[in-house]
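Just so it is clear, the structure is predicted and the values come from calculations on it, not from any experiment. Indexing begins at 1, ligand by ligand and atom by atom, following the structure's order. Residues: numbered from 1 along the sequence shown.
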Amino acid sequence: MSEAAFTPRVFSGIQPSGNLHLGNYLGALKRFAEAQDRGVETLYCMVDLHAVTVWQEPADLRRATRELAAGFIASGLDPARSILFNQSQVAEHSQLAWVFNCVARMGWMQRMTQFKDKAGKNAQNASLGLFAYPALMAADILVYHGTHVPVGEDQKQHIELSRDIAAKFNHDYGVEFFPLPEPVIEGAATRVMSLRDGTRKMSKSDPSDMSRINLTDDAETIARKIRKAKTDPEPLPSEAEGLEDRPEARNLVNIYAALADMSVEQVMAEAGGQPFSVFKPRLADLAVDRLTPISIEMKRLMHDEAEIDRILADGAGRARAIAAPILRRTYDIMGMVSAPGG
Ligand code: AMP
Ligand code: TRP
């Protein structure tokens, strides 16, 4: 294994927590599917071991993992070209995570804003896993020598920690073994906001189902949610600058642009000056057109659990084939004695 030149390899993970929505599709799934068309090796992981850092009902976790896999495939991800798998099937993630628990420092972990947010006031009662979460995340990426990590802005701090862990390992053992992975942050146009409040992200945890379009919504529900989306009384401006102080209008234009694969400027050239009574039905038609095939395919796959499980097992086997030699070499660098010929 060459230790200095790293072949570009894309890795990303999503927690299986149910309720996939338009934000997940435009901000993650669609982009992940596009990355596989650029000829780079791509690995996408349902991170079930991360999910259980907070309590998960077993039946819900099982269902959410399969639903996420179905969402990936329905969004255009080709399991023959990308490696699609769930984390717990590849033991090397946990094994390298232990090593990284010994590389990372308590002080680094204490600075993580996601831990502070998730642990809340009662940090003493948070799981040890929640505290160590970023070391497992570093292992997810580095057990494949992953170089590029598409994530949302909120994960940037964790990727920086992965770089710190890789750099400290390399430094402590005097090797150039792990690459320093780079975050690939989603663009503003793919940050989808709530349909009820243009200043908040569309989110699965929003109590109002009207705030988001779920990937399992049928055509009628999608159209109704867009019709009822919050807007202001003005027609659309004729130029993109006119959207600056109009978060709801900007969100609908951004969604249109992302679904139509157009730039915001192109949408404005076409739809500028239209009242929402004209623009919303057009957006609804477009959304139904793009999302219905996804929801149909997701439902089909969800009815075929055996097919999903087979795809995940196949992905796990291919993932392990990359991870096992990297873990073995890591142990060797550290001075762990291995079985002869092993
Ligand atoms: P989450 O549902 O927060 O676990 O996020 C899963 C993936 O979807 C991550 O890559 C997020 O960055 C992305 N994502 C979640 N919500 C949105 C949103 N409203 N707009 C764009 N991307 C999102
Ligand atoms: N922490 C990420 C999130 O909550 C999910 C994740 C786990 C991940 N391991 C990863 C993302 C590795 C990218 C690379 O969204």
Practice problem: Ignoring angles and geometry beyond distance, decide whether Val151 reaches within less than 3.5 Å of ligand 1 through its nitrogen or oxygen atoms. | Solution: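 No: no nitrogen or oxygen of Val151 is under 3.5 Å from one in ligand 1.
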
Does this structure show an ion pair linking [X] with [Y], if we count only N-O contacts that are shorter than 4.0 Å?
X	Y	value
Asp197	Arg200	yes
Asp60	Arg63	no
Arg66	Glu305	yes
Glu153	Lys201	no

Distance-only side-chain donor-acceptor flag, [X] / [Y], under 3.5 Å:
X	Y	answer
Ser82	Thr42	yes
Asp48	Ser88	yes
Gln114	Asp117	no

Which heavy atom of the protein is the closest neighbour of [atom], given with residue, atom name and distance?
atom	result
atom 19 (N) of ligand 1	Val192 O, 2.7 Å
atom 17 (C) of ligand 1	Lys201 CE, 3.6 Å
atom 12 (O) of ligand 1	Glu186 OE1, 3.3 Å
atom 16 (N) of ligand 1	His21 CE1, 3.5 Å
atom 21 (C) of ligand 1	Thr190 O, 2.9 Å
atom 10 (O) of ligand 1	Ala28 CB, 3.6 Å
atom 23 (C) of ligand 1	Gly23 O, 3.3 Å

Self-check item: Residue pair Phe85 / Gly315: nearest heavy atoms and the distance that separates them
Solution: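 Nearest pair, atom of Phe85 first, then Gly315: CB-C, 3.7 Å.
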
Practice problem: Ignoring hydrogens, just give me the one of Lys204, Glu153, Gln15 whose non-hydrogen atom is nearest atom 4 (O) of ligand 1. | Solution: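 Of the listed residues, Lys204 has the closest heavy atom.
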
Heavy-atom contacts with [X] under 4.0 Å: which atoms of ligand 1 show up? List them by number with element.
X	result
Gly27	21 (C), 22 (N)
Arg191	20 (N), 21 (C)
Met202	16 (N), 18 (C), 19 (N)
Gly152	12 (O)

Sequence neighbours excluded and cut-off under 3.5 Å, please list the side-chain donor-acceptor pairs for residues 134-143, or say none.
from, atom 1, to, atom 2, distance (Å)
Asp140, OD1, Gln87, NE2, 2.8
Asp140, OD1, His93, ND1, 2.8
Asp140, OD2, Gln87, NE2, 3.4

Answer yes or no: is there a donor N or O on one side and an acceptor on the other, between the side chain of [X] and the main chain of [Y], under 3.5 Å?
X	Y	result
Lys230	Glu248	no
Lys280	Arg227	yes
Gln36	Asp78	yes

Exercise. Could you name the protein residues that come within less than 4.0 Å of ligand 2, counting only heavy atoms, and order them by chain and residue number?
Key: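 If the criterion is a heavy atom under 4.0 Å, then ligand 2 touches Phe11, Ser12, Gly13, Gln15, Val47, His50, Tyr133, Met137, Asp140, Ile141, Val149, Val151, Gln155.
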
Quiz item: Does some non-hydrogen atom of Asn24 fall short of 4.0 Å from ligand 1?
Solution: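 Yes, that is the case, since the closest heavy atom of the residue is under 4.0 Å from the ligand.
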
Quiz prompt | Whether Met193 lies under 4.0 Å from ligand 1, heavy atom | solution =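 The answer is no, since Met193 has no heavy atom less than 4.0 Å from ligand 1.
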
Quiz item: Is the closest side-chain heavy-atom distance between Tyr331 and Val99 below 4.5 Å?
Solution: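 The answer is yes, as the side chains (C-beta and beyond) meet within the 4.5 Å cut-off.
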
